[in-house]
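Beneath this line is the structure, given in structure tokens, with notes to follow.
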Amino acid sequence: MDKIYIEDHVVPQLFTTAIEAYEFMHKNHKKGKGYDKLETFGLLWGYVIAAKGEQPAKVVATMATVETSAIRHNEWVQPDFDSIKAKKEFFGKYWPNVELVGTFHSHPYEDLDEINLEKGWRASSFDDEYSDTDFWPDFHKEISPEQPLLAHMIVGITKLNKKGWAYPSRLKGSEESKGYVLSADNRKLWLRGHSTVMVEDIEDDFYEFSDDIELDIPALETRFL
């Protein structure tokens, strides 16, 4: 089981990006039609600690950036790979100690019933559509083929009928080690980790989706106390 470690100051970047795309109208120009409840997309930066003996590989995210060029929709988001490659090249030249270690994007839902029904904090996976579990391996191969492991975060978000507060807690059941959920004012938020891994092959390496991860955000609970 690989591990994803999110440093404390990255968490508000993930939450506020999802909140902005969900709650505020986005327009192409002042008089244009606006849209809210949009998905948004960003990148995780940091470093990867390779597996050593019985110790699993570990992704450490120290920074997050938002892809403002991504095409956003209520049910999908499409990042621009050229933009991502340019950022990766820029970081590599001026901050070579920081690597691209993953992605994050939001899953917005109308209400609590809908996100609970759809398990909207999980990666989308559809037999007849291009979903998260299809996109992430393609992203890994196209953008960071040299990386053995990438983290992928889902930020689930929905509104609540009344203002409330709930301390962060782990997800339930088999997902307990993979994510968190919390309520803040009139919204509820989820953070759920996934990964893609490089599989070495004699003919050609390939990349596959993995849900065998453990998400660790040690400062999250103390931050909201």
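Partners of D211 according to the salt bridge (Lys or Arg N to Asp or Glu O under 4.0 Å) rule, which considers only residues two or more places apart in sequence or in another chain, are R192.
For the pair I84/E67, a side-chain contact is recorded, criterion being any heavy-atom separation below 4.5 Å from C-beta on. Inter-residue side-chain proximity for I19 and R187 is flagged as met; some heavy-atom pair is nearer than 4.5 Å. Annotation: side chain of K159 is in contact with side chain of E110 (closest heavy-atom distance under 4.5 Å). Annotation: side chain of L43 is in contact with side chain of L100 (closest heavy-atom distance under 4.5 Å). With contacts defined as side-chain heavy-atom distances shorter than 4.5 Å, the pair S169/L182 does not qualify. The shortest side-chain heavy-atom distance between L150 and W136 does not fall under the 4.5 Å cut-off. Contact of the E176 side chain with the R170 side chain is registered, since non-hydrogen atoms from C-beta on lie closer than 4.5 Å. In this structure the side chain of E39 reaches within 4.5 angstrom of the side chain of S106, judged on heavy atoms.
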Side chain to side chain contact (heavy atoms under 4.5 Å, CB included) between Y109 and N116, worked out: CA-CA 9 Å; Y109 283 85; N116 283 331; over 6 Å; no

T17 and F104: CA distance, side-chain angles, deciding distance, side chain to side chain contact (heavy atoms under 4.5 Å, CB included) verdict: CA-CA 10 Å; T17 300; F104 71 92; 4.1 Å; yes

Evaluate side chain to side chain contact (heavy atoms under 4.5 Å, CB included) for E142 paired with K85, printing each intermediate quantity in order. CA-CA 9 Å; E142 178 73 17; K85 290 176 181 178; 2.6 Å; yes

Between F139 and T103, does the side chain to side chain contact (heavy atoms under 4.5 Å, CB included) criterion hold? Intermediate values first, please. CA-CA 9 Å; F139 177 96; T103 71; 3.5 Å; yes

Output, in order, the C-alpha distance, side-chain angles, deciding distance and verdict of ring-ring contact (aromatic ring centres under 6.0 Å, His included) for W95 and F90. CA-CA 8 Å; W95 287 274; F90 182 73; 5.7 Å; yes

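V199 and L149 fall within the same hydrophobic cluster, defined by Ile, Leu, Val, Met, Phe, Trp and Tyr side-chain heavy atoms under 4.5 Å apart, directly or through other members. Criterion: ILVMFWY side-chain heavy atoms under 4.5 Å apart, direct or through other members. Under it, F209 and V77 are part of a common hydrophobic cluster. M198 and V59 end up in different hydrophobic clusters when Ile, Leu, Val, Met, Phe, Trp and Tyr side chains are linked at under 4.5 Å. At a threshold of 4.5 Å between side-chain heavy atoms, the hydrophobic network of Ile, Leu, Val, Met, Phe, Trp and Tyr places W76 and I154 in two separate groups. Cluster annotation: I217 and F15 are assigned to the same hydrophobic cluster (Ile/Leu/Val/Met/Phe/Trp/Tyr, side-chain heavy-atom contacts under 4.5 Å, transitive).
Within a 6.0 Å sphere centred on CD of E75, heavy atoms belonging to other residues, nucleotides or ligands number 12 at most. The 12-atom threshold is not exceeded at CD of E89, counting heavy atoms of other residues, nucleotides or ligands nearer than 6.0 Å. Summarising the local packing, NZ of K178 is surrounded by more than 12 heavy atoms from other residues, nucleotides or ligands at distances under 6.0 Å. For N161, the CG atom is loosely surrounded, since the number of other residues' heavy atoms within 6.0 Å does not exceed 12.
Here the rule is side chain to side chain contact (heavy atoms under 4.5 Å, CB included) with H107, and of D132, V155, T158 only D132 fits it. Each of D216, L215, V60, V101 was compared with I4 under the side chain to side chain contact (heavy atoms under 4.5 Å, CB included) criterion, and only L215 meets it. Each of M153, H152, M63, Q13 was scored for a side chain to side chain contact (heavy atoms under 4.5 Å, CB included) with L44, with one residue passing: M153.
Summarising the geometry, atom NZ belonging to K188 is positioned 8.5 Å from atom CH2 belonging to W121; distances are rounded to the nearest 0.5 Å. Rounded to the nearest 0.5 angstrom, K162 NZ and S183 OG are separated by 11.5 Å. In this structure, T40 OG1 and Y22 OH are separated by 15.0 Å, a value rounded to the nearest 0.5 Å. Separating the CD atom in E214 from the OG atom in S177 is a distance of 5.5 Å, to the nearest 0.5 Å. Rounding to the nearest 0.5 angstrom, the gap separating the CD1 atom in I71 from the CG atom in L38 is 12.5 Å.
Judged purely by distance below 3.5 Å, without hydrogens or angles, the side chains of T65 and W45 pair a donor atom with an acceptor atom. In this structure, a donor-acceptor pair under 3.5 Å is absent between the side chains of K141 and T196.
Nearest heavy atoms, T133 versus S125: OG1-OG, 3.5 Å. The two residues P145 and Y207 come nearest to each other via the heavy atoms O-OH, 2.7 Å. The minimum heavy-atom distance between P108 and K37, with the atom names listed, is CG-O, 3.4 Å. In plain terms, the two heavy atoms of D82 and D80 that are nearest each other are N-OD1, 2.8 Å. The minimum heavy-atom distance between A61 and I6, with the atom names listed, is CB-CD1, 3.7 Å. Heavy-atom minimum distance, V48 versus Q147: CG2-OE1, 4.0 Å.
With respect to the salt-bridge test (charged N to carboxylate O, under 4.0 angstrom), the residues K119 and E175 do not qualify. E99 and K88 are not joined by a salt bridge, as no carboxylate oxygen comes within less than 4.0 angstrom of a charged side-chain nitrogen.
Checked against the 6.0 Å centroid criterion, the rings of W190 and Y180 do not qualify as a close aromatic pair.
Between the side chain of S210 and the backbone N or O of D212, at least one donor-acceptor pair lies under 3.5 Å.
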